[in-house]
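Lettering of chains follows the sequences in order, A, B, ..., and the numbering in each one begins at 1.
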Number of protein chains: 2
Amino acid sequence: MADTLFQKIYSHPLMNPEDLEIIASLHQRVILSKNDFLLREGKTSNAYYLVEKGLIRFFVNDFNGQEITTQFICENEIANEVSSLFQHLPSIQNIQSVTDAVVWKIEFNDFQYLYHSMESIREWGREWMSGQLFQTQQRSIEMITHSASMRYLQLIEHRPQIVQQAPLKQIASYLGIADTSLSRIRKEMITN
Amino acid sequence: MADTLFQKIYSHPLMNPEDLEIIASLHQRVILSKNDFLLREGKTSNAYYLVEKGLIRFFVNDFNGQEITTQFICENEIANEVSSLFQHLPSIQNIQSVTDAVVWKIEFNDFQYLYHSMESIREWGREWMSGQLFQTQQRSIEMITHSASMRYLQLIEHRPQIVQQAPLKQIASYLGIADTSLSRIRKEMITN
DNA sequence: AAGGCCACTTTACCTATGTCAAGAAATGCT
DNA sequence: AGCATTTCTTGACATAGGTAAAGTGGCCTT
């Protein structure tokens, strides 16, 4: 069952079972309780995590001390604060479990070893990063072109786990609106 | 003068003059007139561009046919539609010169050759991508946490060339507001 | 069972930004 | 130079979403 996790996440045309086995052997299973932190603001990231079970979020604190959720990571996705991990800079983001969760950790040094010894993971890595960049850009564009209620509808449609598992306040800040506004949008969706 | 362009852009701890010379030799100088396209929506990108002179923008068409400027690329920066170039997918973005410009083009195949033969450019590439990801995330966060006039002030402060060289409508869509709103913000900034 | 806390909702009011339409200024074209 | 087109500004009005404060209900703790 963890095997299919690795297969799903590390899928790439150049990937083969031998490489995959080596990759998997460098991951370690970690059990998380709700609200546990995987990375705290100000610390430098030294690992990333594959999510087997549960929901993870990234958040920052804005200048009024409000928590802004910037990403949700669902099952079969990767929680990786790229700019801290690859540039060895203190993170401005926090990574925290929203629910109880099971994740697989791989340390930077082990990844770095793989990256230098396997073409498959290098190519996979570049593709993963470009996919992340694409998603982040899409999200920016949607913040501009769609209304808050449209954004909420899209979230329900495309990532229902988030709407089911995360508290309203986190979803609201992810959508870029106040929690009372999300509450109002929910109400209008029911009555109309 | 083009040499310092390559030095600035391809700077990385592992980079050395020999590598840099090989890299530079695979770029080709291209002269652009205002409004020329480097990539059109629906086409698959097969190159990226270093900007020596002038201003370049990325834009998408939203569902009402409005152009939304998603990025401005200034001098000594790179114009690269990553997800089209590296995943060979049709681009949803357009890349167009805002002013007359001089850029240096490198084709995907040549880059790919470098990427496989030089550790320096591989590491540089990963760092560049993670930098891009960071910037894009920062921009999303600012769209949520800052008001339109704050965003405009930040743009004036951090990237004045854009404010000087791009037309108001493009700047407004980049800031995520209507052009009339940006005009009003400008007025308020003068009188207050 | 009682108190306390948290997540969510609701209401009233406020403000930033959008929309539309008109005019002024700048730029480009022949 | 002169006309056309685009760019920018302005004003009146509309609306999505913000803020603050109070209310409801659930759940945990003792």
Side-chain angles (χ1 to χ4, degrees), chain A residues 33-35 55 57 59 62-69 72 96-100 140-156 162-192, chain B residues 32-36 54-55 57 59 61-69 72 96-100 140-156 162-192:
Chain A
S33 302
K34 183 174 169 173
N35 297 331
L55 181 65
R57 70 171 182 136
F59 72 93
D62 80 359
F63 47 88
N64 321 308
Q66 295 273 332
E67 291 183 359
I68 312 288
T69 296
F72 285 108
Q96 186 188 32
S97 61
V98 175
T99 63
D100 292 348
S140 281
I141 292 170
E142 282 175 12
M143 295 296 291
I144 295 177
T145 57
H146 295 351
S147 66
S149 35
M150 274 289 282
R151 280 165 1 233
Y152 183 54
L153 281 170
Q154 301 269 25
L155 193 66
I156 291 174
I162 294 172
V163 179
Q164 287 151 16
Q165 301 185 71
L168 174 136
K169 197 165 44 160
Q170 291 176 15
I171 298 170
S173 76
Y174 178 72
L175 294 173
I177 58 179
D179 47 2
T180 54
S181 298
L182 180 51
S183 204
R184 167 167 46 204
I185 286 168
R186 283 184 169 172
K187 185 182 168 190
E188 281 160 6
M189 280 178 48
I190 294 166
T191 56
N192 300 334
Chain B
L32 301 172
S33 303
K34 183 173 171 175
N35 298 330
D36 280 354
L55 181 64
R57 69 170 183 138
F59 72 93
N61 286 292
D62 81 359
F63 47 87
N64 320 310
Q66 294 274 331
E67 291 182 0
I68 312 287
T69 296
F72 285 108
Q96 186 189 32
S97 60
V98 175
T99 62
D100 292 347
S140 282
I141 293 170
E142 282 175 12
M143 294 296 291
I144 295 177
T145 56
H146 294 352
S147 67
S149 35
M150 273 290 282
R151 283 168 355 237
Y152 183 55
L153 280 171
Q154 300 270 26
L155 193 67
I156 291 172
I162 294 172
V163 179
Q164 287 152 16
Q165 301 185 74
L168 174 135
K169 196 166 43 162
Q170 293 176 13
I171 298 170
S173 75
Y174 179 73
L175 293 174
I177 58 179
D179 48 1
T180 53
S181 298
L182 179 52
S183 203
R184 168 168 45 205
I185 286 168
R186 283 185 169 171
K187 186 182 168 192
E188 281 160 6
M189 280 179 46
I190 294 166
T191 55
N192 299 333

Whole-Å distance, Glu188(B) CD to dT15(C) P, equals 13 Å
Numerically ordered, the residues 140-152 of chain B set in heavy-atom contact under 4.0 Å with DNA chain C is Ser147(B), Ala148(B)
side-chain hydrogen bond (donor to acceptor under 3.5 Å, both in side chains) with Glu67(B): of Gln96(B), Arg57(B), Gln170(B), only one passes, and it is Arg57(B)
Atom pairs, N/O to N/O, protein against nucleotides 6-15 of chain D, distance under 3.5 Å?
unit_1	atom_1	unit_2	atom_2	d
dC8(D)	OP1	Leu168(B)	N	3.2
dC8(D)	OP2	Leu168(B)	N	2.9
dT9(D)	OP2	Ser183(B)	OG	2.7
dT9(D)	O5'	Ser183(B)	OG	3.1
dG11(D)	OP2	Lys187(B)	NZ	3.1

Rounded to whole Å, CG of Asn64(B) lies from C1' of dC20(C) at a distance of 15 Å
Between CD1 of Ile185(A) and C1' of dA16(D) the distance, given in whole Å, is 9 Å
So CG of Leu182(A) and CZ of Arg151(A): to nearest 0.5 Å the spacing works out to 10.5 Å
One should read off an interatomic distance between Ser97(B) OG and Asn35(B) CG, to the nearest 0.5 angstrom, of 6.0 Å
Is it true that a side-chain atom of Ser173(B) and a backbone atom of Thr69(B) form a donor plus acceptor pair closer than 3.5 Å?
yes
- Message: Within the structure provided, determine whether Ile144(A) and Gln66(B) are in side-chain contact (heavy-atom separation under 4.5 Å).
- Response: no
Rounded to the nearest 0.5 angstrom, the OG1-CD distance for Thr99(A) and Gln164(A) is 12.0 Å
Rounded to whole Å, the CD1-C1' distance (Ile177(B) to dG18(C)) equals 11 Å
Computed from five pairs at either end and rounded to 10 degrees, the angle between the axes of the helix from dA1(C)-dT30(D) to dT30(C)-dA1(D) is 50°
ask   = With a 4.5 Å limit on heavy-atom distance, are the side chains of Tyr152(B) and Met189(B) in contact?
value = yes
Worksheet item: Hey, does Leu155(A) have a side-chain heavy atom less than 4.5 Å from the side chain of Tyr174(A)?
Response: yes
Rounded to whole Å, CG of Asn35(B) lies from P of dT27(C) at a distance of 15 Å
Determine yes or no for a side-chain-to-main-chain donor-acceptor pair under 3.5 angstrom, with Ser33(B) supplying the side chain and Asp100(B) the backbone. no
- Task: Under the ring-ring contact (aromatic ring centres under 6.0 Å, His included) rule, what do His146(A) and Phe63(B) come out as? Steps first, then yes or no, please.
- Result: CA-CA 10 Å; His146(A) 295 351; Phe63(B) 47 87; 5.5 Å; yes
The side chain to side chain contact (heavy atoms under 4.5 Å, CB included) partner of Ile185(A) among Thr180(A), Leu153(A), Leu175(A), Ile177(A) is Ile177(A)
